[in-house]
Amino acid sequence: MSPNAARRARRSRFGAPLPTSFFDRPTEWVARDLLGAILSCHANGTVTNGRIVEVEAYLGPDDPACHAAVGITKRNRHLHGPPGTAYVYRIYGMHWCVNAVTREVGHGSAVLIRALEVVDGLETARERRRGVVRDRDLANGPGKVCQALGITGVHDGLRLERGSLQLRKGAPVSDDDVMVSPRIGISKAIDWPLRYFVRGSANVSRPPQRLEEWPLATVPKALRPSS
DNA sequence: ATCCGGATCGCCT
DNA sequence: GGCGATCCGGATG
């Protein structure tokens with residue numbers, strides 16, 4: 001795909017890239033508002049787009065589950081970059097995970113993109129996720145998101161407002177369709193309610209059965225992330 | 001120099 | 001639900 005064709009593919013169906021000001025807000029707000037947004041990756045000559053249905057907030061050095069809790073290192077240096085930066089890291093030796101950096105420079109907070117619905121480049125995503133039978137399983141987990149969209153370490157530190165990895169405005173998700181739960185796969189701060197996902201989405205990752213979850217509407221208004 | 005555990009996934013039972 | 005794959009950052013000696 002030529003650069004012009006890639007630009008057209010992105011403009012055809014979706015809104016503008018989210019501006020830096022979108023990311024320069026409390027991380028819980030950014031996380032909640034990323035539901036419904038479009039993650040767009042141009043890799044190996046093809047654009048793949050996905051509608052985000054599940055995210056987690058990681059709240060900087062004082063959040064024991066956040067990579068910033070160990071300070072600034074070579075691995076996590078872009079987590080401490082300006083809002084709107086991509087932080088991509090390898091986990092368990094074999095998977096990539098992608099985050100959007102939030103708040104002010106050096107805060108060390110970010111939103112992990114955990115699941116999405118592939119809405120463009122479906123054939124490419126299926127090839128990358130060879131062996132997967134159902135489309136709903138293409139990107140229902142953070143490692144799968146990166147594999148389906150072709151996101152790797154080369155995207156670490158890129159700005160999400162432009163370039164080969166972008167976050168773009170999509171159809172907003174109303175409070176009534178947002179669910180909240182603790183985060184998945186961590187061993188510290190295991191009860192912090194910082195996972196947000198779209199109610200009823202078939203593309204959400206399958207958490208442990210006993211994981212508690214609540215409608216966002218039941219969260220007291222003062223504590224509710226909303227724009 | 002060595003050890004440990006991880007923001008996971010897919011296959012097995 | 002259990003487990004192996006597979007590798008690196010960070011901590012410890």
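Lettering of chains follows the sequences in order, A, B, ..., and the numbering in each one begins at 1.
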Roughly, in whole Å, what's the span from [atom1] in [X] to [atom2] in [N]?
X	N	atom1	atom2	value
Y89(A)	dG10(C)	OH	P	13 Å
L211(A)	dG1(C)	CG	C1'	16 Å
M94(A)	dC3(C)	CE	C1'	12 Å
W192(A)	dA7(B)	CH2	C1'	14 Å
H67(A)	dA11(C)	NE2	P	13 Å
R75(A)	dA11(C)	CZ	C1'	14 Å
N76(A)	dG9(C)	CG	C1'	10 Å
R90(A)	dG9(C)	CZ	C1'	13 Å

Contact under 4.0 Å: [X] side-chain N or O vs [N] OP1/OP2:
X	N	answer
R129(A)	dG10(B)	yes
S187(A)	dG6(B)	yes
K144(A)	dG10(B)	yes
T73(A)	dG9(C)	no

Sugar-phosphate only, base, or nothing, as touched by I186(A) at under 4.0 Å among non-hydrogen atoms: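 Sugar-phosphate contact only.
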
Polar side-chain contact Y92(A)-dA5(C) base: donor and acceptor under 3.5 Å: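 No pair found.
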
Polar side chain donor-acceptor pair, S181(A) to E212(A), under 3.5 angstrom: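 Side chains of S181(A) and E212(A): no pair found under 3.5 Å.
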
Check: Y58(A) ring centre within less than 6.0 Å of H67(A) ring centre: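 Judged by ring-centre distance (under 6.0 Å), Y58(A) and H67(A) do not meet the cut-off.
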
For dA7(B), the Watson-Crick or wobble partner whose two distances fall under 3.5 Å: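 Paired with dA7(B), as far as the under-3.5 Å criterion goes, is no nucleotide at all.
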
Watson-Crick/G-U partner (both atom distances under 3.5 Å) of dT6(C):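 Partner of dT6(C): none found under 3.5 Å.
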
Interatomic distance at P, dT6(C) relative to dT2(B), whole Å: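 It works out to 22 Å between them.
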
Closest nucleotide among dA7(B), dG10(B), dC9(B) to the H95(A) side chain: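 Closest of the options to the side chain of H95(A): dC9(B).
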
Ring-face cation contact, F23(A) with R25(A), 6.0 Å cut, 45° max: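 So R25(A) doesn't make the cation-pi contact.
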
N140(A) vs K188(A), nearer the 5' end of DNA chain B by closest nucleotide: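 Upstream on the strand: K188(A).
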
Charged N-O contact under 4.0 Å between R51(A) and D120(A):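 No, R51(A) and D120(A) are not salt-bridged.
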
Criterion side-chain contact (heavy atoms from CB on, under 4.5 Å) against I151(A), the qualifying member of V98(A), D156(A), I113(A):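 With I151(A) as partner, V98(A), D156(A), I113(A) yield a single side-chain contact (heavy atoms from CB on, under 4.5 Å), made by V98(A).
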
